Amino acid sequence: QDMSGYLGCYEDSPERVFPADRKNSEQMTSALCIQHCRGYGHQYAATQYARECWCGSHEDFLGIGRPRPESECDRPCSGSSEEMCGGTWRMSVYRTDGSEGFTRPQPVETAGSQLQRLGCWGDAADRAVPTLEGTDPALDERHQSR
């Protein structure tokens with residue numbers, strides 16, 4: 001069990017304390033949930049009811065309430081009976097150490113392909129890529145309109 005970022009056992013509600021990017025898995029563990037939530041850029045992860053994973057922000061965590069007794073997080077994880085994955089309306093909560101709202105880009109293997117890395121570009125509501133067209137031959141006619 002990944003206890004490095006463990007914050008405790010907390011109560012959930014039908015409105016969901018951590019409402020984002022739910023994942024259900026028969027192989028659920030704290031590590032799987034933390035990895036899932038971190039991959040979506042969330043700062044917090046919570047396992048619940050043995051097989052559920054919920055993700056949340058720091059703002060969500062601020063409204064979480066007081067910790068509950070550890071004995072209330074009494075459901076063994078579906079993926080590991082050695083650790084607890086929350087309980088009935090109880091969440092085992094972890095810090096993911098992910099940065100809020102941003103996901104880290106995965107490396108793209110370009111060796112032997114026609115892909116060429118052009119760097120990291122900012123985007124805006126009026127779409128940055130179409131406005132860059134004509135500034136570099138590598139960008140011309142290489143995107144699809146939305």
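Note that these values count all heavy atoms, side chains included, but never hydrogens, waters or copies made by symmetry. Numbers for residues simply follow the sequence, beginning at 1. The model shown is predicted, which means the values in this text are computed figures rather than measured ones.
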**Message:** Working to the nearest 0.5 angstrom, can you tell me the gap between D97 CG and Y44 OH?
**Reply:** 9.5 Å
**Spatial distance of atom CD (Q48) from atom CD (E11) [nearest 0.5 Å]** = 10.0 Å
**Item:** Test side-chain contact (heavy atoms from CB on, under 4.5 Å) applied to D60 - qualifying residues, sequence neighbours left out
**Value:** F18, P19, S57
**Asked** Hey, are the side chains of T47 and W54 touching, using non-hydrogen atoms and a 4.5 Å cut-off?
**Response** no
**Request:** Could you pull out all residues at least two apart from E72 that satisfy salt bridge (Lys or Arg N to Asp or Glu O under 4.0 Å)?
**Result:** R68, R90
**Prompt:** Of all residues at least two apart in sequence or in a different chain, which pass the side-chain contact (heavy atoms from CB on, under 4.5 Å) check with C77?
**Reply:** E83, C85
**Item:** Y49 OH: over 12 foreign heavy atoms closer than 6.0 Å
**Value:** no
**Prompt:** Side chains of E15 and S13: do they bring a donor and an acceptor to under 3.5 Å?
**Reply:** yes
**Request:** Could you pull out all residues at least two apart from D74 that satisfy side-chain hydrogen bond (donor to acceptor under 3.5 Å, both in side chains)?
**Result:** none
**Complete:** All heavy atoms of Y6 vs all of S92, minimum pair found to be CE1-CB, 4.0 Å
**Item:** Donor-acceptor under 3.5 Å (Q43 side chain, H58 main chain)
**Value:** yes
**Message:** Within the 4.5 Å heavy-atom criterion, are M91 and I64 side-chain neighbours or not?
**Reply:** yes
**Those residues that, when tested against C37, pass side-chain contact (heavy atoms from CB on, under 4.5 Å) (two or more places apart)** = C33, H42, A45, C53, C55, T96
**Asked** Mind checking whether H36 and L32 have side chains closer than 4.5 Å, heavy atoms only?
**Response** no
**Asked** How would you list all residue pairs meeting salt bridge (charged side-chain N to carboxylate O under 4.0 Å, His left out) that involve residues 42-53, not counting sequence neighbours?
**Response** R22-E52, E26-R51
**Prompt:** Do any N or O atoms from the side chain of S30 and from the backbone of Y94 form a donor-acceptor pair under 3.5 angstrom?
**Reply:** no
